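For ligands, and for the atoms within them, numbers begin at 1 and follow the listed sequence. One is the number of the first residue; the rest follow in order along the sequence. Keep in mind that this is a model prediction, so the values were computed, not measured.
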Amino acid sequence: MADGVQVADVISTETADDIALICIDNPPVNATGHAVRIGLSSAISDINSAGKAKVIALYCAGRTFTAGADIREFGKPPKQPSLPDVLNEVERSAIPVVSVIHGTALGGGFEIALATHARVAIKGAKVGLPEVLLGLLPGAGGTQRLPRLAGLSFALDVILSGRQVPVSEALEKGVVDRVVEGAPRDVALAAARQVLDGTLTTRRTDRIEAEYDRAVLDATLEGVRRKAPHLFSPAKCVEAVAACNLPIDEGLKVERQAFLDCMETPQRAGLIHAFFGERAVSNIAEAKGPTREIAKIGVIGGGTMGSGIATSCLIAGLPVRLIEVAADGLERGVATITKNLDGAVSRGKLSSDKRDAAIAMLEPSLEMESLSDVDLVIEAVFEQMDVKKDIFGKLDAICKPGAILASNTSYLDIDEIATSTNRPGDVLGLHFFSPAHVMRLLEIVQGKHTGADVLASGFALAKRLKKVGVLAQVCDGFIGNRILAHYGLCAAYLVLDGASPQQVDRALEQFGFAMGPHKVSDLAGLDIGWMTRKRKAETRDPAQRYAGDIADKICENGWFGRKTGQGYYLYDSGAPVPNPEVAGIIDAVRAAKGITPKDFSDEDIVDRYMTAMIVEAARVVEDGTAKRPVDVDMVFLFGYGFPRFRGGPLHYADTIGAAALVERIEGYAAEDAHYWRVPDILRKMAADGSTFADLNKEG
Ligand code: T1G
């Protein structure tokens, strides 16, 4: 028994006619948890001690060969035997061991195969070492055995990319010996017989001389430092692989130490939080239960969002009827969709055949009446309530009973939209993020009358589109945009009070954001924020310090960012350069407001910006707009370019601690007590020592 798991339940052996079969059966992905390690070690040892078998064949039950170590064990005290030790026993087995790979042999799973003496793959399988995506490195011999089998460059590519390698490619590289068809156990028996009759050669990986090229390693190290300056484990991967010219026991020691170095980092914790979080957000009651069939979709609006949404649905194999009010708009929509699909093909994300099939499933129309037979309509038109209510009123009359009516609105009240229909139970929000055929986040907004099956259908659609569906309740901006509105103020206050836009951007890019907030605004279009400020002008809280003066003046010049060639930056010479005119605007606004600019350190900028994000994120959890902290984290990882290795704003908050955050906010409140207020939830956590991770467990 190990961790409540009977070893016999996860490992079984059969012996007959000189052949011993070992089967790992540990659903759902045959992870090499403690019981599996104990069982595999015992099986190898017992078969060798019995001395009857002349060959061992190792395979897995279920849908895949083992997908690696049990990630849930990470961060807990390690339990013996470790996987590296078990794999040394496999490699040093006097009886040759052949492994049979099916599904996705990843991480420690692929490392098991590398430690066996021959590898037979079942057609369609993939192998890979994705540890770097978890802030780790292959810690069970992968950095030592893969270079020996397939050469330094291929090993570095696989280990640093974390990509899944089709076994057809692995065969070419000599990593697998055969690619066959059949069921794993049958293939295992056949492979064992081929070893016995000499038609399948076995060899110990550790006895193969690894090709070695210091120049390749040095160039690779320079490359990873340049490409991912924030990440810790890529350089450690190279360090471990660089030991493959040593005797394997020494190389494995270097690998082990490098692995343990990675295991200790907050980056490993953040990336594993992201891995499980991506799955947790749809692992909720609202995403389960009966759904309505969605076989045909209507999209209203051929603008950027509507075209992106239509593209996403077409790529998923869903026929789309695209509605526009005028022929030129419809033509633009079709052209944008075509461009999106061609872009997916050129990026290698879509085959040409699938691109053609997608185009064939697109039916443009000027007639809203043509939506009478669709199962779901996604409205993506102008963000004005009266426009949306008019459309939903018409859809109510046109669409068949049971059709789902969704709005892609990014902040408007779904409940109010639903009042323009006689079927509020069929109405929900499906908030896509631009570009909708690329960004994986989908906020699924639950109206107070949204039917349970309609909500579950939203999650089913997210899965079909390979999106990360996150449940959100109705409020201005739902989860992401509501929080963005708050910390966006912080960025504006920093510039009003003394920092430059480029300093704020640089500080946050050094923290890990792909782009700072001013570059993001320039990219999205400064006019969007300008319209929002105007929309909110009449209802703005007078106690709130207005932060839009600088951006307003930039917009009044017609400078809307990339789309006009200038905003906070100039875009006419490739890389963006700070717009020199903006400095003058900033000085003038400060002078008019009587602000004496002060210096901010990059650290102070990051602390303020992140604390502002955490404050509103905490409120969003506190008032139930988001179900749990992890839902907010995933919104930011998949919709807002938050650095994945930091796990998300509330995972990051736990690395600071509630008490420290409360103290920090109270310090800032001395400057602006209205903006800087401590959320009750944070004060409670500071008092009882709980964390956002604890709240996630409460679910
Ligand atoms: N450990 C624990 N649970 C895992 C797991 C793992 N390695 N992989 C998947 N699961 C859970 C997952 O959380 C989900 O649980 C269920 O299995 C189905 O997964 C020593 C140290 C294999 C391609 O990084 O890439 O080995 O939500 O929804 O879409 O060097 O899972 O149902 O409760 O993703 O069909 C390296 C990670 C580990 C592989 C299948 N291995 N897994 O995808 O199903 S580190 C990985 C995947 C390591 C060694 C090092 C995918 C998949 P629940 P799923 P899927």
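When each atom of ligand 1 is checked for a heavy atom of Gly139 under 4.0 Å away, the hits are 30 (O). Under a 4.0 Å criterion applied to the non-hydrogen atoms of Pro28, ligand 1 contributes the atoms 16 (C), 17 (O). In summary, the atoms of ligand 1 found under 4.0 Å from a heavy atom of Gly108, numbered by their order in the structure, are 26 (O), 48 (C), 49 (C). Within ligand 1, counting atoms from 1 as listed, the ones closer than 4.0 Å to a heavy atom of Asp70 are 1 (N), 2 (C). Close approach of ligand 1 to Phe276 is summarised as follows: ligand atoms under 4.0 Å from at least one heavy atom of the residue are 13 (O). Close approach to Ala69 involves these atoms of ligand 1, each under 4.0 Å from a residue heavy atom: 1 (N), 6 (C), 7 (N), 21 (C), 26 (O), 38 (C), 48 (C).
Within a 4.0 Å radius of atom 13 (O) of ligand 1, the protein contributes at least one heavy atom. Counting only heavy atoms, the protein gets under 4.0 Å from atom 1 (N) of ligand 1.
Residue Ile71 places at least one N or O, backbone or side chain, under 3.5 Å from an N or O of ligand 1. At under 3.5 Å, not a single nitrogen or oxygen of Ala31, backbone or side chain, sits near a nitrogen or oxygen of ligand 1.
Within the structure, ligand 1 lacks Gly142 among the residues with a heavy atom less than 4.0 angstrom away.
The list of side chain to side chain donor-acceptor pair (under 3.5 Å) pairs with a residue in residues 145-155, not counting sequence neighbours, reads Asn88-Arg145, Glu91-Arg145.
A cation-pi geometry, defined here as NZ or CZ lying under 6.0 Å from the six-membered ring centre and within 45° of its normal, holds between Arg279 and Phe275.
Looking at Ala67, Gly128, Gly107, it is Ala67 that brings a heavy atom closest to atom 46 (C) of ligand 1. Across Glu111, Arg279, Glu255, heavy-atom proximity to atom 49 (C) of ligand 1 is greatest for Glu111. Considering each of Phe259, Phe110, Phe65, Phe275, the one bringing a non-hydrogen atom nearest atom 37 (C) of ligand 1 is Phe275.
Shortest contact from atom 45 (S) of ligand 1 to any protein heavy atom: Phe74 CZ, 3.7 Å. In this structure, the protein non-hydrogen atom closest to atom 52 (C) of ligand 1 is Thr104 OG1, 4.4 Å. Scanning the protein for heavy atoms near atom 44 (O) of ligand 1, the closest one is Arg63 NH2, 3.5 Å. The protein heavy-atom contact nearest to atom 9 (C) of ligand 1 is Val29 CG2, 3.7 Å.
Salt-bridge annotation for Asp157 and Arg163: present, with a side-chain N of the basic residue lying under 4.0 Å from a carboxylate O of the acidic one. Under a 4.0 Å N-O distance rule, the pair Lys236/Glu239 qualifies as a salt bridge.
You'll find the side chain of Phe638 reaches within 4.5 Å of the side chain of Arg644, heavy atoms only.
Across Leu58, Val176, Ile122, Val179, a single residue satisfies side-chain contact (heavy atoms from CB on, under 4.5 Å) together with Ile101, and that is Val176.
In terms of the side chain to side chain contact (heavy atoms under 4.5 Å, CB included) criterion, residue partners of Ala460 (sequence neighbours excluded) are, by chain and number, Thr291.
Classification of the Phe645-His230 ring pair by plane angle, with boundaries at 30° and 60°, yields parallel.
A donor-acceptor pair is defined here as one N or O able to donate and one able to accept, closer than 3.5 Å; such a pair exists between the side chain of Asn696 and the backbone of Val630.
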